[in-house]
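Shown next, in C-alpha cells, is the structure this report addresses.
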Amino acid sequence: MAMAGSGVLPAEVDVAVVGAGFSGLYMLYRLRGLGLRAVVFDEAGDVGGTWYWNRYPGARCDVPTTDYAYSFDAQLEEDWVWSEKYAAQPEILAYLQHVADRYDLRRDIRFGTRITAAVWDEAARRWRLRTGDGDEVSCRYYIMASGCLSLPKAPDIDGVDRYRGEVYLTGRWPHGGVDFSRKNVAVVGTGSSGIQCIPLIAGEAARLTVFQRTPNFSVPARNGPPPPDRVALLATDRAGYRQAARWSRGGVPRELTDVSGVTAPEYVRRERFEDAWQAGELFAILGVFSDQGVNAVSNSRVAEMIREKIRAVVSDADVADALSPTDYPFGTKRPCLDTSYFETFNLPHVRLVDLRRTPIVAVTEAGIDTAEESFEFDAIVFATGFDAMTGPLVSVAVTGTDGVTLEDKWQHGPVTYLGLMTTGFPNFFTITGPQSPSVLSNMVVSIEQHVDWIADCLQRLRAENLDRIEPTPLAEAGWVQHNQDCADITLYPRANSWYMGANVPGKPRVFLPYIGGVDAYRRACDEVAENGFMGFRLDGPAGSRCNDGVIRRLQPDMAMVLDLVASLGLPPIEAMSAPDARAFSEATAASRPPGPEVGEIADGVLPGPAGDLAYRLYRPPTRGPHPLIAYFHGGGWVLGSQDSDDPLCRDLCVRTGSVVVSVNYRHAPEDRFPAAADDAFAAVAWIAANAAALGGIPGQLTVAGWSAGGNVAAITCQLARDAGGPDIASQLLLAPVTDCDLGRPSYASNGEGFILTAGLMRWFWDHYADEADRANPKASPLRGTLDGLPPAVVVTAEFDPLRDEGDAYAGALAAAGVPVRHIRARGHTHTSLTMVDVVISGAPVRAEIAEALDSLRPEPARS
Ligand SMILES: Cc1cc2nc3c(=O)[nH]c(=O)nc-3n(C[C@H](O)[C@H](O)[C@H](O)COP(=O)(O)OP(=O)(O)OC[C@H]3O[C@@H](n4cnc5c(N)ncnc54)[C@H](O)[C@@H]3O)c2cc1C
C-alpha cells in the first residue's frame, strides 16, 4: 500500500490519529507508551499543525510561551528555553519539530495524507478510514486530533476567483514567505490573525488598505523576554506551577479576583484595569473584575476603558471610532494581543475601510469594489478566520452506527459527552472537541488533559478485556444541557462570534466550547472515570457494563455558591441558638447584591392579632394602580424578615409589575404554632381591605411566600376560603413547606450539601410546632382540604429537600380542580431563586414565574 511517509501503511492498527500538531504528537507519545500500534495522519508536510500552516508575518501565540508548552516531561521543559514572552511561529514550530525528533515520532506519521472518510464496522468493532489517495486503514480506536482552528474559512465574497493579483490566506501561508515591499496591499479581516499581521505588512508595503467588518478589542502584548517572575516560579517549583495550571480556570495559574466591576469604586476599577493593561496578558484583561463575563454593567466598564485607550492612540477620531467595538460585550469574541496595531492606523500609507458603512460588493479582477469605491491591489491577504471547532471534524465523512454521519448528527450543533465522544460513534474520540474548554483555555493544558484521559481510558479498557466504548444518550444529553447552562449565565452568547459559529454562513448558532473552566471540566472528567466511566456503555469479550447517569445536574452558578459555602466551613445553623442563628443569617445577607431598582420602597406597620406587624412595600416604577402581592419571607418560622428577602421582593415587584407588600410575622420559638399562620391571615385580610390605599387593584391580590413563607401563604389561602374572605386571586408558593413528613425521597437525596439540610428542617419544625400539632393543616397544608382554593403557581427545585412535598402539593391542588402552574426549577436548590444577581440562572425561572402569575390574572389585567 502506498503512503506519503516512510515504510508501508499497515492495514490494521490499534489506533489511528488524525493530526500531528500539539494534540497528535502527544497522543502518539502516550499510545506508544501503552504499547499500542498507532498511526498518525496529517495533510501537512510536517509536524506542527497550527504552527505549520500559520506562517503569516507576526504569527505568534497569545498565551505566554512559558505556559503554552508541554508539561508531560520535565526534562523536555528543562532543555527548551523560550526566547520571548510570546514566541513567534518559527520558534513554536521548531519546538514541535524538536519534540517529534526527541521522541522519534515521525516514523509513525503519514504526512501529506488527508483522511477523507471513516466508517464504523459494528461486526468487526473497528473503524475503517480512507485517505485522500484512496488508501484504507482499519483501527480499533479513531482519534481526531484535528485541531479547533485548522480549517480556514474561505472568504465568502463574490468574485474571489476572478482576482488576478496575488492572494494569500493567513491560515495557509506560503513557506517561503511573501515580499510585500513596494506593493499596494489589502488585508481583509481584523480578527487575531489580521491584527497580528497588519502592523508588519504595513511596515513593508507601499500602501495598505484594511477592510474591517467587525472591530476587535485588542490589548498591547508588551512582548519581550519571558516574564522573569514566571520563569522564577518555574525554576523553583516547576511541578507545582504546572499542577496549578491544570487546576486553574483557564490553564494558566492566576489568582481570581472578587472585585466586582459594578460595586467597586472608580479608582479601584481604574487601578485594576491599568494593571491588566500593562500586564499584556489575555487572562489578565479577561479577569479585571469577577463579574465582567456575566454582568453587562461590569463588562461595559472594561470595554469603555479599552475604547478610551484606542481613542488615545488613534489620531483620527473617525478612525478611532470605527476601530472601537461597541456592539458586543468585551471578551465574548476572543480578544487579541497586538504589537502596535492601533498605532498602525496613524501611518499615512495605511487606510481603514469600515465595511459596516461601505460593504464589499465584489472582488474584481484588479481589486475590491465597495458600495462607494473601486480599489486596485497588487496583493490581497484574507485573514478571514476558521470554521472553528466543528469544521475540521465534520469535513471528514465520519459514519457511525446505523449509517448516521457526524455532520447529520450535528446539523443543529455539536452533541457530545465531555467534548470527548458522541453517541452513535463508538471508539471515536475528539481532542479538544466542542463542549470541552479548548479555545477558551491555554490549549496545551487542555490538550494534555484530553490525551491523558483518552490514554488512561484505553488502558483501562484493555486491562478489563473490553474493546468498545460509547456514551449513553442520557449522559450526552446531560452534558449538552450543562454546557448550555454554563453559557447561558454568561454574556458570551450575545456576540456573533466564532465561538457561536456565527462567522460561517449556515452554521448553527450554538456556543461551542465549554465555559465552566479547565478546573471544573477536569473534575468532571475525573469523576466520570472514577465512577466506572459513568455515562459510558463499555463492551468487549469480558461482557458489558454501564453506570448510566448525568455528571453535572446542578446549575453551574449554584454549584459555585455551594463550593464557596463548603470552603468557608461555616457552622451548621442547627447547632446555634435561635438568636445566634438570626444574627448569623443577617450577617451573611449583608454583602449580597441589592437586587433591581424599584419605583418606591416604604416601610410601615399593619395590625396583627397580637400586635403590629412590620411590612415593607415595593412599588413598580410604572404608573399604578398595580396588582398586589402579599409576600411572606422564608426562614423556617424562626429566621428572616423583610430584609432577608429584600432582593427577591424587588425582583418580584419589577418582573410582575405588582406592588409587593412583604410582611413580617411572629417567629418561633418565642411564638410557636400557629402564630405565623395567624399573623399571615390577618395581614392578608388587612392588605385586601386596604388594597386601593396601597396602590393596588382591588380583587387582584396574590398571596405569595418562599419556604416557610410559602407554608403560611398556602395556609392563608385555605383559611380565607373557609372564612369566606378575603378575596384572593392567586397564590404563589416558592419551594413551600407543605407537610411535616420528612421521610420523602427528596429529604434523603437532597438533605445534605444544598444549604437547607434535613437537619435544619428538623430544627425549624422543632422550634415551631409540637409533634401533636404538625399534622394540623394549619402547619401542614397538604393535609387540608384543597378544593375551592385560588389558582396557584407552585415552584419546586430539583435539589431541595422540600421538592417532593412541593410536588405533592401541586399535584393535590390539581387533583382538587385548582388551576395550577407547576414550575420545576431544574438544577436549582431551595435557596437558588432567592439569590438574585448571584445565582444568575435563577433569573429565567423568576421570569417564568412572573409570566405564570400574569397568565392567572383576569384577562383585562394581563400585561
Ligand atoms: C495563529 C494562531 C495562534 C494561536 N495561538 C494560541 C495560543 O497562544 N494559545 C493557545 O492556547 N492556542 C492558540 N491557538 C490555537 C491552536 O490551534 C492550539 O493551541 C494548538 O496548536 C492546537 O493543536 P492541535 O494539535 O489540537 O491542532 P492543530 O495544531 O490545528 O493541528 C491539527 C492538524 O490536523 C490536521 N488535519 C485536520 N484534519 C485533517 C484530516 N482530515 N486529515 C489529515 N490531517 C488533518 C491539520 O492539517 C493540522 O495539521 C492559536 C491558533 C492560531 C491559528
Side-chain angles (χ1 to χ4, degrees), residues 4 16-28 39-70 85-89 92-93 95-96 99 109-118 129-133 142-152 170-173 191-197 221 245 250-252 281-283 334 336-337 383 385-389 391-398 430-433 436-448 450-451 498 513 518:
V17 179
V18 178
F22 268 103
S23 300
L25 292 179
Y26 181 45
M27 191 74 245
L28 177 57
V39 62
V40 177
F41 299 94
D42 201 310
E43 60 180 320
D46 194 10
V47 299
T50 289
W51 306 103
Y52 173 89
W53 295 109
N54 290 269
R55 296 169 188 244
Y56 59 83
R60 56 179 75 245
C61 55
D62 58 14
V63 167
T65 355
T66 37
D67 299 84
Y68 186 66
Y70 289 124
K85 176 182 175 190
Y86 297 108
Q89 172 269 332
I92 304 175
L93 180 59
Y95 168 74
L96 289 169
V99 168
I109 307 177
R110 315 293 141 170
F111 295 111
T113 309
R114 180 169 172 77
I115 293 299
T116 54
L129 270 52
R130 204 166 48 247
T131 73
D133 300 328
Y142 164 36
I143 301 175
M144 285 292 266
S146 47
C148 294
L149 303 172
S150 59
L151 186 64
T170 48
R172 289 287 181 271
W173 204 258
S192 300
S193 303
I195 283 177
Q196 285 187 332
C197 72
V252 176
E281 287 194 26
L282 274 186
F283 290 119
R334 190 181 176 86
C336 308
L337 289 185
F386 299 92
D387 182 349
M389 304 204 69
L393 298 170
V394 300
S395 73
V396 176
V398 186
T430 53
I431 298 180
T432 66
S436 76
S438 58
V439 293
L440 294 176
S441 65
N442 171 3
M443 287 198 71
V444 184
V445 169
S446 290
I447 286 167
E448 286 192 331
H450 259 191
V451 168
W498 57 260
V518 166

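Every number for a ligand or one of its atoms is a count from 1 in the order of the listing. Both backbone and side-chain heavy atoms feed into the values below; hydrogens, waters and symmetry mates do not.
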Report yes if some N/O of [X] lies less than 3.5 Å from some N/O of ligand 1; otherwise report no.
{"X": "P392", "value": "no"}
{"X": "N54", "value": "no"}
{"X": "Q196", "value": "no"}
{"X": "R114", "value": "yes"}
{"X": "T50", "value": "yes"}
{"X": "T432", "value": "no"}
{"X": "V18", "value": "no"}
{"X": "W53", "value": "yes"}
{"X": "S150", "value": "no"}

Are the side chain of [X] and the backbone N or O of [Y] linked by a donor-acceptor pair below 3.5 Å?
{"X": "Y52", "Y": "G45", "result": "yes"}
{"X": "N442", "Y": "V63", "result": "no"}
{"X": "S146", "Y": "L393", "result": "no"}
{"X": "T65", "Y": "A87", "result": "yes"}

Could you tell me whether the side chain of [Y] reaches within less than 4.5 Å of the side chain of [X], counting heavy atoms only?
{"X": "F22", "Y": "I92", "value": "yes"}
{"X": "F386", "Y": "C148", "value": "no"}
{"X": "I143", "Y": "I431", "value": "yes"}
{"X": "P392", "Y": "M144", "value": "no"}
{"X": "I115", "Y": "T131", "value": "yes"}

How long is the straight-line distance from [atom2] of [Y] back to [atom1] of [X], given to the nearest 0.5 Å?
{"X": "R110", "Y": "D133", "atom1": "CZ", "atom2": "CG", "value": "12.5 Å"}
{"X": "Q89", "Y": "T50", "atom1": "CD", "atom2": "OG1", "value": "10.5 Å"}
{"X": "T113", "Y": "L129", "atom1": "OG1", "atom2": "CG", "value": "11.5 Å"}
{"X": "R334", "Y": "S192", "atom1": "CZ", "atom2": "OG", "value": "6.0 Å"}
{"X": "D42", "Y": "R114", "atom1": "CG", "atom2": "CZ", "value": "10.0 Å"}

For atom 18 (C) of ligand 1, state which one of Y68, F22, Y52 supplies the nearest heavy atom.
->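 When every heavy atom of Y68, F22, Y52 is considered, Y68 comes closest to atom 18 (C) of ligand 1.
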Which one of R110, M443, M144 has a non-hydrogen atom at the shortest distance from atom 11 (O) of ligand 1?
->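 Nearest heavy atom to atom 11 (O) of ligand 1 lies in M443.
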Relative to the heavy atoms of [X], which atoms of ligand 1 are at a distance of less than 4.0 Å?
{"X": "S441", "answer": "11 (O)"}
{"X": "Y56", "answer": "1 (C)"}
{"X": "G19", "answer": "33 (C), 34 (O), 35 (C)"}
{"X": "F386", "answer": "53 (C)"}
{"X": "C61", "answer": "5 (N), 7 (C), 8 (O)"}
{"X": "A145", "answer": "32 (C), 34 (O)"}
{"X": "S146", "answer": "32 (C), 34 (O), 37 (C), 38 (N)"}
{"X": "T113", "answer": "43 (C)"}

Suppose we measure from [atom] to each protein heavy atom; which comes out shortest, and what is that distance?
{"atom": "atom 3 (C) of ligand 1", "result": "W51 CH2, 3.4 Å"}
{"atom": "atom 41 (N) of ligand 1", "result": "I115 O, 3.0 Å"}
{"atom": "atom 27 (O) of ligand 1", "result": "G147 CA, 3.1 Å"}
{"atom": "atom 47 (O) of ligand 1", "result": "D42 OD1, 2.8 Å"}
{"atom": "atom 7 (C) of ligand 1", "result": "D62 OD1, 3.2 Å"}
{"atom": "atom 44 (N) of ligand 1", "result": "E43 N, 3.2 Å"}
{"atom": "atom 31 (O) of ligand 1", "result": "G49 CA, 3.4 Å"}
{"atom": "atom 24 (P) of ligand 1", "result": "S23 OG, 3.4 Å"}

Y56 side chain to Q196 side chain, donor-acceptor N/O pair below 3.5 angstrom =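 A pair is found: one side chain offers a donor N or O, the other an acceptor, under 3.5 Å apart.
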Answer with yes or no whether C148 contacts ligand 1, where contact means a heavy atom under 4.0 Å from a ligand atom.
-> no
Would a line drawn from the ring center of Y86 to the ring center of Y68 be shorter than 6.0 Å?
-> no
